[in-house]
Amino acid sequence: MKVKLKVWRQKNRDASGEFKTYQSPELNPSMSFLEMLDVMNEQLAAGGEEPIAFDHDCREGICGTCSLVIDGKPHGPHKGVATCQTYMRSFKEGDEIVVEPFRAHPFPLVKDLVVDRKAFDRIQHAGGFISVRTGAAPDANSIPVPKEAADLAMDAAQCIGCGACVAACKNASAMLFVSAKVSHLGLLPQGQPERYRRVKAMVDQMDAEGFGNCTVTGSCEAVCPKEISLDFIARMNRDYLVALLKGDAKKPSGGGAG
Amino acid sequence: MNLLQSIWRSSLGKKYIMALTGAGLFLFVTGHMVGNLQFFLPPEAINRYGHFLKTTPEILWPARIGLLAMVALHIASAVTLSAKNKAARPQPYAGKTKDLGASVASRTMLMSGLIVLAFIIYHLLHFTAVVDSINGAGFDFDQLYEPNSGHPDIYAMIVCGFSVWYVALFYLVAVGLLCVHLGHGLAAMFQSLGLKDHVWGPRIGAFAKAASLAIFLGYASIPVSVLVFGHGKAYADVVKAGIVPDAAGAVKALKGGAK
Ligand code: HEM
Ligand code: FES
């Protein structure tokens, strides 16, 4: 099969970008979308043109590195599927496929289809961890976790931090991502000691990065390759409210046992 | 940092304000509707109610100040949050975009809200401040007095107000938009306050739809009954007779005489 690719080309952050349309060589419908781009790039390179820059890593839907807005939807046509797991058989012979980078102020463009998503890392660094020493693997049942909590935490932990939620949201809000990270640890006993400090720090970092605000449109949930639920945002809102009301922790009053 | 500051400065804090003020306004809108539905009782009912409110400053003024504060906070958070949302995507998508599951109501909250605001201002001038130049009826509603008590006749004012078709139409459009605003807003409110999960989500969604539809039907019934069914016209014509010369004929007609 052959397709036409209308793709965003931009040398760097400061250059102005534009769509360029390329005719693909013959493709195998079983190729993934990223393999199609690889083949396309070989053709471009052979013709002396700069290959299209795009992000990718695991190519098995677990790392969150691939991105792309394909025909107006982050990660392409399917529900619950990342770009790297989207196959050319989902398109028709002769289709014109429009490909753009994720667009958000906190995701500055690097080149072509590559954007810098370090804002997510900084949000994680602000509180998306637990600081107790975990030591060696404990006995499986030494810390009881209710099955429901474990399941829900696992749902939240599915988030691969790709940023599709931000790309899809009309407000470029990162709340689905942040809420997944907050809930994942906040649901487990190991995450309790820092639960409220965590949500406060992560939401405040999210604001500082310049993401927009949730208006509950549900677009994030609709495009999430891991189908993270909007309910996690409600959970985050609840925890943040408690955190605001609790205020900062009392400072240690000095002294202490020598 | 002090609590109020941290609420106002954080995105979620402003969402709480939006949700709480939205909830307060929803309660007001519901109560106001129930009060207004007295229009379907004999004229004395709503006139007595109106007279009671207007002559009870210890209820009237706290309510007015509270409502003004809620509207101001609701709009201030809506506008500042929207500005941040715009700034979060300075460069829009160049290609065709899709709704991606976002309902029309959810995408137009600021617009529906601002039109409702314009309506609120008109409504206050129309029926609260009773500015005659904007009522389209050609006379001053302040001159309408209840025949028995001599108090301002609210019932007749409503009839005369909604007898002007374009005014009635504006009311209908505004309550229609309020219904759209609340259809999304009432569900969003629970989400913003964190009072939603997989069990309550569908219940809250159903409540938002039912409540916003009830608000629409309740409010719309009044202009529709006047404009389409002539509800209260005979009574209002009598009240009007005192101030509008050409209404005198109508009084005769009502009393059974030929024109
Ligand atoms: C009678 C008047 C009004 C009522 C009863 C009302 C009610 C509500 C409610 C219940 C919400 C949900 C809060 C939340 O998202 O957490 C809301 C949201 C909102 N309102 Fe209003 N509102 C009114 C007027 C206005 C006005 C005049 C504006 C104009 C700026 C406005 C703009 C908004 C916006 C932008 C949202 C956020 C939408 C979202 O979260 O998706 N509203 N409103
Ligand atoms: S490349 Fe790892 S998720 Fe797509």
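Labels below follow one simple rule: chain letters A, B, ... track the order of the sequence lines, proteins then strands, and each chain is numbered from 1.
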Strictly by modelled atom types, are [X] and [Y] linked by a side-chain donor-acceptor pair under 3.5 Å?
{"X": "Y240(A)", "Y": "R235(A)", "value": "no"}
{"X": "D155(A)", "Y": "S229(A)", "value": "no"}
{"X": "S112(B)", "Y": "H181(B)", "value": "yes"}
{"X": "H78(A)", "Y": "T86(A)", "value": "no"}
{"X": "D55(A)", "Y": "S67(A)", "value": "no"}
{"X": "N85(B)", "Y": "N213(A)", "value": "yes"}

Top of [options] for chain B proximity - count of heavy-atom pairs under 4.5 angstrom:
{"options": "D71(A), V98(A), D204(A)", "result": "D71(A)"}
{"options": "A234(A), G218(A), G247(A)", "result": "A234(A)"}
{"options": "H105(A), R238(A), R103(A)", "result": "R103(A)"}
{"options": "P101(A), A208(A), A167(A)", "result": "A167(A)"}

- Query: Would you call the rings of F102(A) and H75(A) parallel, tilted or perpendicular, where under 30° means parallel and over 60° means perpendicular?
  - Reply: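 Perpendicular: the ring planes of F102(A) and H75(A) meet at over 60°.
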- Going by the angle between their ring planes, with limits at 30° and 60°, are H123(B) and F127(B) parallel, tilted or perpendicular?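 H123(B) vs F127(B) ring planes: perpendicular.
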Examine whether an atom of [X] lies under 4.5 Å from a heavy atom of chain B, and if so say whether it belongs to the side chain, the backbone or both; otherwise answer neither.
{"X": "L109(A)", "result": "neither"}
{"X": "V69(A)", "result": "side chain"}
{"X": "F107(A)", "result": "neither"}
{"X": "C220(A)", "result": "neither"}

- Does D99(B) pair with R107(B) as a salt bridge, N-O distance under 4.0 Å?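 Answer for the salt bridge query: yes.
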Heavy-atom distance under 4.5 Å to chain A: side chain of [X], backbone, both or neither?
{"X": "Y16(B)", "result": "side chain"}
{"X": "K96(B)", "result": "backbone"}
{"X": "A94(B)", "result": "both"}

When only pairs under 4.5 Å are counted, which of [options] shares the most heavy-atom pairs with chain A?
{"options": "L81(B), T97(B), I7(B)", "answer": "L81(B)"}
{"options": "G101(B), G13(B), P90(B)", "answer": "P90(B)"}
{"options": "Q91(B), H198(B), K86(B)", "answer": "Q91(B)"}

